[in-house]
Amino acid sequence: MNKIFSLIKVSLSHDMTILNIKTKKKSFFSKILLPLIILLYIMFVFGFYAERLIRVLKPVHLEFVMLTLFALGMSIITLIEGIYKSSSLLFNCKDDNLLLSLPIKRGTVLFIRILKFYIFELLYNSLFLLPAIGVYAYFVNPAWTFYLSSVLALLFLPIVPIILSCVIGFIVSYFSSRFKGKNVFETIFTVLFLLLVIFISYRMEGFVSNLAQKAMSLNDIITRVYYPVGAYISLITSFKWTTLVLFTLIHLVIFALTIFILGRMYFRVNSGAKRVLIKHNNKKYLIKKSSQGKALIKKEAKKFFLTPVFITNAGFGLVLFLIACVVGSLRFDSLISTILKENPEFNSNIIKSIIPLIMFGLVSFTAFLTSITSSMISLEGKSFNLLKTFPIKPIKIIYYKIVTALLIMVIPILLGDIFIFIKFKFDIISIVLILIASFLLPLVSEMIGIIINLKYPKMDATNDTEVVKQSMSSLVSTFIGLGLVALVIVLGVIMAIHKVSYNLIMLLFIIFFALVAGLLVLLLHKTCDKNFNDIMV
Amino acid sequence: MIEIKNVTKKYGETVALDNVSFNVEDGVIFAFIGHNGAGKTTLIKSIVGIHDIDSGEILIDGLSIKDNPVECKKIMAFVPDNPELYEHMKAIDFINFICDMYDVSYETREKNITRYAKLFEIEKNLNDPISSFSHGMKQKIALISALAHDPKVLIMDEPFVGLDPKAVFDVKEVMNEMIKEGKIIFFSTHILDVAEKLCSRVAIIKNGKIIKTGSMKDIKGDKSLEKVFLELEG
Amino acid sequence: MNDVIVRLKHLKKYYGSARGIKDVSLNIHKGEIYGFIGPNGSGKSTTIRTIMGLINKTDGDIYINGVKLDGESIEIKKIIGYLPSEINLYDDMTVKQALDYHELFYNKDLKKRRNELVKLLKIDENKRIEDLSLGNLKKVGIVLALMHEPEILILDEPTSGLDPIMQSIFHEILIKEKEKGTTILYSSHVLSEVSSICDTIGFIKDGVVIKEDSIDNIKKDNYTYLKITTKEIDKVKKELNLKIIKESNNEIVLLNTMNINELIDKLSKINIDRLLIEEIPLEDLFMNYYK
């Protein structure tokens with residue numbers, strides 16, 4: 001038992017540098033205060049949304065539906081993220097050799113890794129659920145049993161999504177290890193599973209537009225189909241000790257059973273070595289020449305496309321955007337008629353005129369929430385020293401990283417733009433403004449990402465997921481991104497309500513972000529060389 | 001010529017390099033020896049621009065690595081003791097990439113890559129992904145990448161560790177050829193009998209300070225280099 | 001047969017047609033230092049990692065202490081000390097923390113032996129793993145492999161990166177282990193080391209162990225070098241048909257595998273100025289297997 005505790009302690013302190021505040025040279029502000037401010041801001045924003053929802057539900061005494069939606073939403077997000085994180089969290093980690101050569105059961109290694117995954121998701125989920133729980137408590141003033149149930153819910157709700165994603169991770173890993181080009185297959189299988197999950201949850205969601213009416217039926221569907229959320233809501237609405245005990249036991253049993261079964265299979269099917277199945281081809285090797293810039297872009301792009309977590313994390317937002325544009329333009333008319341039927345006070349012209357603004361919002365959303373550069377330095381890992389020995393200025397290396405990230409982001413965004421432009425025939429000014437935004441906003445996002453990664457590099461991660469999803473750099477970038485999106489939406493809505501012309505709103509934002517971009521360029525030039533040279537590998 | 005002038009580097013309280021000074025002339029194979037942790041890797045990494053130094057100067061052909069890093073790096077090549085390559089690339093793509101960074105012409109690459117790949121008997125593996133290579137094979141790729149751009153200064157950290165005996169032999173041959181063209185080879189090693197036969201000049205570092213530097217003949221005298229080293233260390 | 005501690009029978013690990021091990025069979029006896037040598041990419045590390053369970057074998061059997069390894073073998077790992085060629089530890093730990101961490105896994109008190117080794121190898125326990133040079137990291141690896149007093153030692157390139165003083169200290173440690181009856185598998189490229197401390201040699205090439213013999217036997221059927229100074233180099237080459245080691249315009253060095261009488265008979269037909277017959281140093285002997 002003592003052994004297990006020590007293992008857990010080492011595992012956690014090694015990787016969770018967010019919790020382990022090492023102040024080597026960084027100041028108090030950047031390591032502690034800034035992340036804390038961002039965290040509080042996020043909790044505030046979600047509390048705000050929770051409050052909006054609950055106000056709608058209060059008149060019909062269906063406040064708990066807000067929690068149903070939040071709990072389900074968190075579970076789905078955990079599942080989706082888990083699917084593409086799990087393979088790289090569990091397999092081909094840098095400490096595989098270390099742990100396997102010690103007299104420790106493979107099942108124990110699996111347990112430690114899943115536990116780490118669980119703790120991370122627990123903290124992440126709490127960030128979003130705690131405000132919702134707080135808001136509910138404020139409005140409804142429930143009995144003490146609510147608090148007990150909520151604590152248990154916080155602890156147990158992540159379990160089912162995590163277990164599912166680990167199982168999927170095993171399956172993906174098993175299949176992809178049979179193929180050459182393992183990484184590509186891992187990405188493909190992961191995407192297939194993701195699409196499946198998205199498809200299922202899309203069918204389950206209905207319109208949230210007329211919530212009060214639909215709330216009860218929506219609630220019924222969710223709670224009946226998905227046991228964990230269902231049990232939690234029934235504990236809130238009509239507390240029973242038997243439900244509580246069952247809730248606890250079922251989750252503990254599922255967790256233990258999964259670890260037991262998967263533990264027996266762990267490292268049995270995977271070779272464990274970093275080597276890949278190769279077939280010897282007698283092709284003559286190709287010697288090619290290319291310029292420094294092109295070679296760097298190619299290298300960055302290759303790394304991106306061959307790192308499954310990286311590509312699914314960034315690709316997720318971009319593909320969703322593209323799908324939204326395509327579906328939006330193809331199914332617009334049928335969507336419109338449904339909205340108009342339920343809300344006759346709107347008319348189709350009003351809706352059509354606001355589309356450019358909505359499009360702008362969508363581009364901001366996608367640009368700011370997708371961050372590729374925030375992991376690009378960390379993913380260099382131990383090979384970072386190579387970059388230091390090349391006869392090329394650090395700022396140029398950074399510049400090409402930004403260019404690569406920009407190319408990856410802008411292409412899907414532009415494609416989506418084109419679909420929308422064809423369908424809706426905006427006026428020329430709107431088109432120009434949205435096109436500018438499609439370049440400018442991703443540029444701002446990627447510059448923020450690289451500046452942050454230079455400041456908070458994580459060069460010694462055990463696996464790619466840690467870098468892309470759990471490192472300080474990617475989290476701070478995500479939170480700043482959320483902040484910027486919130487800013488755009490809030491200011492945009494305020495200006496729209498005050499009858500500012502939509503084109504003017506977009507123009508103002510573009511001017512603002514152009515200024516921000518200019519400042520970021522100055523900041524980058526000022527801090528790049530020093531931060532780059534300070535990174536020790 | 002490499003000029004190292006009064007170089008000092010501290011890690012917090014620990015002094016890694018203490019007023020280190022010596023020169024490495026053209027056309028010389030120079031051995032840099034010392035016990036573990038004496039400061040060999042720190043100095044080497046400072047010469048190639050991976051580390052910054054706290055005081056002093058390092059000049060490569062008269063140019064300071066601090067003020068003119070790009071110019072200095074153009075003529076240098078560095079092979080670390082544990083090569084970290086891009087695992088996701090094929091070997092030949094990696095070598096091409098390195099050549100692109102140094103702006104090597106197509107003809108030079110073809111000549112050098114073909115020659116060294118044949119020499120190190122790794123031609124048939126050039127199309128394989130680096131992730132499938134053993135440690136020794138990765139080292140060979142690192143070597144080929146370093147030699148492909150005809151560097152004037154070749155700097156290596158423990159170059160012979162992990163190489164099979166034939167490769168060690170081949171590397172020594174390549175080094176001897178290079179100095180005939182006036183190039184510089186500078187490496188740190190623990191394998192003293194090889195250093196003794198191969199190098200014409202040597203510097204011994206202990207606790208961050210250079211305790212002996214000069215021609216191999218003078219330093220060695222009648223004894224073996226190993227004996228000299230053990231006496232100085234003991 | 002009963003004192004064969006480590007036994008590999010037709011071990012196979014395929015990664016695809018290019019690399020891996022095809023047929024590795026070897027026997028290591030109790031208290032023996034077994035030198036495992038071969039060119040880069042021949043399968044040395046693959047064999048070792050398969051024994052340690054870091055890789056799943058494709059076919060063949062591994063016997064430790066007469067027991068076939070099958071699936072999880074935690075008890076076996078407790079009696080084996082493994083020193084990998086690349087040491088992987090958690091970078092932000094100190095040496096002390098890393099050693100404490102490893103100690104947890106063995107159900108006995110390791111303090112005495114651990115402190116003994118740390119002192120002998122002159123390790124600073126307060127340094128962080130990421131700040132250690134390659135050689136110092138190797139030293140930590142040595143402590144990790146030895147501190148639980150294993151019956152079997154599996155060493156992959158153990159002295160690479162160590163300075164000469166540490167190398168000789170390490171060899172002394174190994175000799176003491178051997179006297180205690182520890183069985184040692186020693187994989188290395190440094191042939192001078194291998195020929196001085198090993199009892200038996202196993203030579204692997206292209207995934208197959210092609211020769212396994214005791215050092216004494218290898219030294220016994222040692223071939224010789226013929227150094228012939230003559231103007232009739234081509235005639236020498238044609239008559240003797242031996243492997244050429246070195247050649248210049250009037251001197252040639254050949255590897256003699258012929259019977260001495262036959263050799264003298266053939267040489268008498270050629271006009272030679274000088275003949276020198278030398279014993280081959282062991283290192284060069286091994287080099288022949290490499291080619």
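When reading the values below, keep in mind they use all heavy atoms of this one structure, side chains included, and skip hydrogens, waters and symmetry mates. Letters A, B, ... are given to chains in the order of the sequence lines, protein chains preceding strands, and every chain is numbered from 1.
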Please round to the nearest 0.5 Å and tell me the distance separating atom [atom1] of [X] and atom [atom2] of [Y].
X	Y	atom1	atom2	value
B/Ile50	A/Asn533	CD1	CG	10.5 Å
B/Phe94	A/Ser383	CZ	OG	8.0 Å
B/Asp128	A/Tyr285	CG	OH	13.0 Å
B/Asn82	A/Asn385	CG	CG	11.5 Å
B/Lys74	A/Ile392	NZ	CD1	10.5 Å
B/Arg109	A/Ile287	CZ	CD1	8.5 Å

Residue [X] versus chain A: region with a heavy atom under 4.5 Å:
X	result
B/Asp93	side chain
B/Ser105	backbone
B/Asp103	both
B/Phe78	side chain
B/Ile92	side chain
B/Met89	side chain
B/Glu71	neither

Among the listed options A/Leu387, A/Leu296, A/Thr307, the residue most often paired with chain B at heavy-atom distances under 4.5 Å: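 That would be A/Leu296.
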
Contact winner vs chain B - A/Lys298, A/Lys294, A/Lys303, A/Lys393, heavy-atom pairs under 4.5 Å: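 Winner by heavy-atom pair count: A/Lys303.
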
Is the number of heavy atoms from other residues, nucleotides or ligands within 6.0 Å of [atom1] ([X]) greater than 12?
X	atom1	answer
A/Lys94	NZ	yes
B/Lys152	NZ	yes
A/Lys289	NZ	yes

Pair A/Gln292-B/Tyr102, side-chain hydrogen bond (donor to acceptor under 3.5 Å, both in side chains): steps then yes or no: CA-CA 8 Å; A/Gln292 254 185 357; B/Tyr102 286 91; over 6 Å; no

Chain A interface, residue from B/Asp52, B/Ile130, B/Val104, B/Leu85 that has the most non-hydrogen pairs under 4.5 Å: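 Between B/Asp52, B/Ile130, B/Val104, B/Leu85, the count favours B/Val104.
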
Check: B/Asp100 side chain, A/Ser291 main-chain N or O, donor-acceptor pair, under 3.5 Å: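 Here the side-chain-to-backbone pair does not exist.
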
Portion of A/Leu386 that has a non-hydrogen atom of chain B nearer than 4.5 angstrom: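 The side chain, not the backbone.
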
A/Lys299 charged N/C atom sitting above B/Tyr86 aromatic ring, 6.0 Å / 45°: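 Yes, a cation-pi geometry holds between A/Lys299 and B/Tyr86.
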
Heavy-atom side-chain proximity of B/Lys45 to A/Lys388 below 4.5 angstrom: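 No; the side chains remain at least 4.5 Å from each other.
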
